[in-house]
Amino acid sequence: MSRFFALRPGEARWVFGGSVAFAFLAADVATGGLLDHFDHVVREQIQPRAPVTPWWMGLPGDVGEAGIAAGLVVAAALVTSQVLWRGWPMLLALGNLVAVEVMTLLVKTAIGRPGPGEVVGTEGYPGFFPSGHASTSAVCVGTVVFLVATWGRPRRLDIAAWAGQLGGLGVGAVSALRSMLEDFHWLTDGVGGLLVASVTMTLGFAAARRYVGTALVPGGVEPP
């Protein structure tokens, strides 16, 4: 894996642990296990409730729409490419978005989990696990934050990666919470979406570190 990704030891452990946790979560959801039962317990404590959430909680959900997310990430990548005079931001942006969308769709289709409530317009919908809005919004915001964080001096990819993870997962968590409150998703749908997003961002940011390295700085010398 080191051939393609410059993973730090902690990142490598997280990719492995996050992938195992996601596989366990998916298996539990698919077989109606303990966590699936816990989902129903949590929903009983939340629902029924008035279908009103603060307006600001709707923003992460909007960012979770694939079209909006693609527009934001591509715009950030184009600006970053112009600022740094490099082409790698577009590759990172497209790689992160394609990876999270493909992974989410594949698992949704394989498991075909029904939603907790009556959701209008879901005929032909592949499934609710993992939450696509949570995973997409997290990767979108995380990638944008990572790209913007590379503009400054000194341009540290490690700092940019941490900022991207924290920003992305924070927004993704709000999107997941909103979907639970409005009875669109189960708790584990959101957790699964965040795991997919975090692993995707970890690998994407590590790939940027592997192939970019000191190229971020004019002259190819990273400041001490």
Side-chain angles (χ1 to χ4, degrees), residues 14-49 51 53 57-70 73 95-143 165 168-204:
W14 169 240
V15 169
F16 175 77
S19 299
V20 171
F22 179 76
F24 174 80
L25 192 60
D28 185 278
V29 167
T31 58
L34 179 62
L35 295 178
D36 180 74
H37 172 71
F38 182 67
D39 275 336
H40 289 78
V41 173
V42 171
R43 180 176 182 266
E44 289 175 0
Q45 300 301 314
I46 298 176
Q47 305 298 338
R49 60 178 296 279
T53 53
M57 292 188 72
L59 297 178
D62 293 337
V63 175
E65 296 288 345
I68 296 176
V73 172
N96 276 3
L97 278 180
V98 170
V100 75
E101 293 299 319
V102 169
M103 183 62 182
T104 301
L105 180 59
L106 287 176
V107 178
K108 280 178 175 287
T109 303
I111 295 179
R113 187 186 203 186
E118 294 184 7
V119 183
V120 178
T122 58
E123 183 177 354
Y125 193 67
F128 286 79
F129 177 88
S131 169
H133 279 79
S135 61
T136 301
S137 62
V139 168
C140 171
V141 172
T143 302
Q165 285 277 0
L169 293 179
V171 170
V174 173
S175 177
L177 177 60
R178 178 208 178 198
S179 67
M180 285 177 54
L181 295 177
E182 296 187 351
D183 212 20
F184 294 149
H185 278 289
W186 306 97
L187 171 62
T188 51
D189 295 343
V191 174
L194 294 178
L195 285 172
V196 171
S198 184
V199 170
T200 298
M201 288 189 289
T202 301
L203 292 174

Inset, instruction - Starting at CG of D62, measure out to CZ of R178 and round the result to the nearest 0.5 Å. - result: 6.5 Å
Legend entry - Interatomic distance, W186 atom CH2 to L35 atom CG [nearest 0.5 angstrom]: 13.0 Å
Legend entry - Heavy-atom check, side chain of S179 versus side chain of H133, under 4.5 Å: no
Legend entry - Separation between CG of L97 and OG1 of T136, rounded to the nearest 0.5 Å: 7.5 Å
Inset, instruction - Kindly compute the distance separating OG (S137) from CD (E65), expressed to the nearest 0.5 Å. - result: 10.0 Å
Inset, instruction - Using the side-chain contact (heavy atoms from CB on, under 4.5 Å) rule, take M180 and I46 through it: C-alpha gap first, then chi angles, then the decisive distance, then the call. - result: CA-CA 8 Å; M180 285 177 54; I46 298 176; 3.6 Å; yes
Legend entry - Side-chain (Q47) to main-chain (L181) donor-acceptor, under 3.5 angstrom: yes
Legend entry - Rounded distance (nearest 0.5 Å) linking atom CG of D28 with atom CZ of F38: 11.5 Å
Inset, instruction - Decide yes or no for M201 and V196: does some side-chain heavy atom of the first lie under 4.5 Å from some side-chain heavy atom of the second? - result: no
Inset, instruction - Locate the shortest heavy-atom distance separating S19 from V15; write the atom from each residue and the value. - result: OG-O, 2.6 Å
Legend entry - D39 side, atom CG; R43 side, atom CZ - distance, nearest 0.5 Å: 10.5 Å
Inset, instruction - Would you confirm whether S198, through its side chain, and L195, through its main-chain N or O, come within 3.5 Å as a donor-acceptor pair? - result: no
Inset, instruction - Report yes or no: do Q165 and T202 form a side-chain donor-acceptor pair below 3.5 Å? - result: yes
Inset, instruction - Would you check if M103 and V98 make a side-chain contact, meaning some heavy-atom pair closer than 4.5 Å? - result: no
Legend entry - Heavy-atom closest pair, residues W14 and V199: NE1-N, 4.3 Å
Inset, instruction - Name the orientation class of the two ring planes belonging to F128 and H185 (parallel below 30°, tilted from 30 to 60°, perpendicular beyond 60°). - result: perpendicular
Inset, instruction - With sequence neighbours left out, write down each residue that passes ring-ring contact (aromatic ring centres under 6.0 Å, His included) with H37, or none if nothing qualifies. - result: none
Inset, instruction - Would you tell me whether T200 and N96 have side-chain atoms, one donor and one acceptor, within less than 3.5 Å of each other? - result: no
Legend entry - Minimal non-hydrogen separation, C140 against V63, with atom names: SG-CG1, 3.5 Å
Inset, instruction - Give the minimum heavy-atom separation between A197 and V100, together with the two atoms involved. - result: CA-CG2, 4.5 Å
Legend entry - Residue that, paired with P130, satisfies side-chain contact (heavy atoms from CB on, under 4.5 Å) out of V191, L25, T104, V29: T104
Inset, instruction - Return the minimal non-hydrogen interatomic distance between A134 and L194, and the atom names on each side. - result: O-CD2, 4.4 Å
Inset, instruction - Quick one: closest heavy-atom pair of F184 and P116, and the distance? - result: O-CD, 3.4 Å
Legend entry - Residue pair D189, K108: steps toward the salt bridge (Lys or Arg N to Asp or Glu O under 4.0 Å) verdict: CA-CA 10 Å; D189 295 343; K108 280 178 175 287; over 6 Å; no
